[in-house]
Amino acid sequence: MKKSDHLPIYGVGPLYVAVIAALTLAAFLLRNLPVLSSGQVKGMRALFLVLGVLLILSGIALWIYAVLISKIDDSIKENRLVTTGAYALVRNPIYSAAMIACTGVILILSNAWFFVLPFVYWLFMTVLMKATEEKWLKKLYGQEYEDYCRRVNRCWPWPPKEAQHGKIPH
């Protein structure tokens with residue numbers, strides 16, 4: 001099989017993760033600036049801490065499920081479209097894992113000025129995936145990929161549409 005017959009192993013993932021990690025790090029470093037102090041949510045810090053830690057742990061678990069358990073590298077090398085395991089919950093579980101973990105960090109910061117960042121992460125992933133990997137996958141897998149897209153969310157893990165109606169995909 002020629003190299004061009006399958007997706008690149010890393011795709012645009014490193015770019016996506018680097019950008020959202022940099023934005024999250026910037027928020028962390030800027031959190032105590034006086035100009036941003038008006039956004040601090042003091043009364044709900046404990047709730048945001050708990051939710052943030054849960055999101056970080058969920059992101060780590062999703063990454064482990066997508067990379068180590070689903071063995072995505074093998075599937076890419078063998079040119080198979082993966083639609084089971086973590087990929088039955090979300091089309092881009094590795095990128096989603098990073099987005100979820102970074103969102104957890106933002107919640108822990110408890111500053112409303114940064115609450116826009118998870119929406120930026122989502123928008124960036126959506127635009128990036130539509131412009132790159134989704135085009136590649138549609139070209140490689142055609143109708144099979146289009147059917148998969150109708151069943152499974154791009155960014156946020158959710159039970160596939162068939163599972164919501166009592167029919168779980170095989």
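Bear in mind that the values here come from a model prediction, so they are computed numbers and not experimental data. Atom set for the values below is all heavy atoms of this structure, side chains included, hydrogens, waters and symmetry mates excluded. Throughout, numbering of the chain's residues begins at 1 and tracks the sequence.
In this structure, NZ on K139 lies 11.5 Å from CH2 on W136, to the nearest 0.5 angstrom. Here CE of M99 is found 13.0 Å from CG of L117. Values are rounded to the nearest 0.5 Å. The CD1 atom of I20 lies 4.0 Å from the OH atom of Y16; values are rounded to the nearest 0.5 Å. In this structure, NZ on K130 lies 13.5 Å from CE on M125, to the nearest 0.5 angstrom. To the nearest 0.5 Å, the span separating CD on E144 from SG on C149 amounts to 11.0 Å. If you take CD1 on I56 and CG on L51, they are separated by 11.0 Å, rounding to the nearest 0.5 Å.
Residues L57 and Y95 share a hydrophobic cluster, clusters being chains of Ile/Leu/Val/Met/Phe/Trp/Tyr side chains in contact below 4.5 Å. Hydrophobic clustering of Ile, Leu, Val, Met, Phe, Trp and Tyr side chains at less than 4.5 Å, counting indirect connections, keeps L55 apart from V50. If you chain together hydrophobic residues whose side chains sit under 4.5 Å apart, V120 and V127 fall into the same group. Note on L30: it clusters hydrophobically with V105, by side-chain heavy-atom contacts below 4.5 Å among ILVMFWY residues. Both V41 and L107 are members of a single hydrophobic cluster when ILVMFWY side chains are connected at heavy-atom separations under 4.5 Å.
When side chains are defined from C-beta on, V90 does not count as touching W158, because their heavy atoms never get closer than 4.5 Å. Residues L89 and N153 fail the side-chain proximity criterion, which asks for heavy atoms closer than 4.5 Å. Counting only heavy atoms from C-beta outward, the side chains of C102 and L23 never approach each other to under 4.5 Å. In this structure, the side chains of I94 and Y87 come closer than 4.5 Å at one or more pairs of heavy atoms.
Ion pairing between a basic and an acidic side chain is recognised when a charged N comes within 4.0 Å of a carboxylate O; E134 and R154 show such pairing.
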side-chain contact (heavy atoms from CB on, under 4.5 Å) assessment of Y145 paired with L140: CA-CA 8 Å; Y145 181 70; L140 275 173; over 6 Å; no

Step-by-step ring-ring contact (aromatic ring centres under 6.0 Å, His included) determination, F115 to F48: CA-CA 11 Å; F115 290 172; F48 286 136; 5.3 Å; yes

Verdict with reasoning, I106 to T24, per side-chain contact (heavy atoms from CB on, under 4.5 Å): CA-CA 7 Å; I106 296 300; T24 303; 4.3 Å; yes

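Looking only at distances, a side-chain donor or acceptor of E133 sits under 3.5 Å from a matching main-chain atom of V12. With hydrogens and angles disregarded, no donor-acceptor distance shorter than 3.5 Å links the side chain of S110 to the backbone of Q40. Under the 3.5 Å distance criterion, the side-chain polar atoms of R91 are matched with a main-chain donor or acceptor of V152.
Between L128 and T132, the shortest heavy-atom distance links the atoms O-OG1, 2.6 Å.
Residues satisfying the side-chain contact (heavy atoms from CB on, under 4.5 Å) criterion with A86, sequence neighbours excluded, are L62, Y65, A66, S70, P93.
If you check the side chains of Y148 and Q143, you find no donor sitting under 3.5 Å from an acceptor. Between the side chains of S38 and W113, at least one donor-acceptor pair of N or O atoms lies under 3.5 Å.
Judged by the 6.0 Å distance and 45° axis criteria, R31 is positioned over the aromatic ring of F28.
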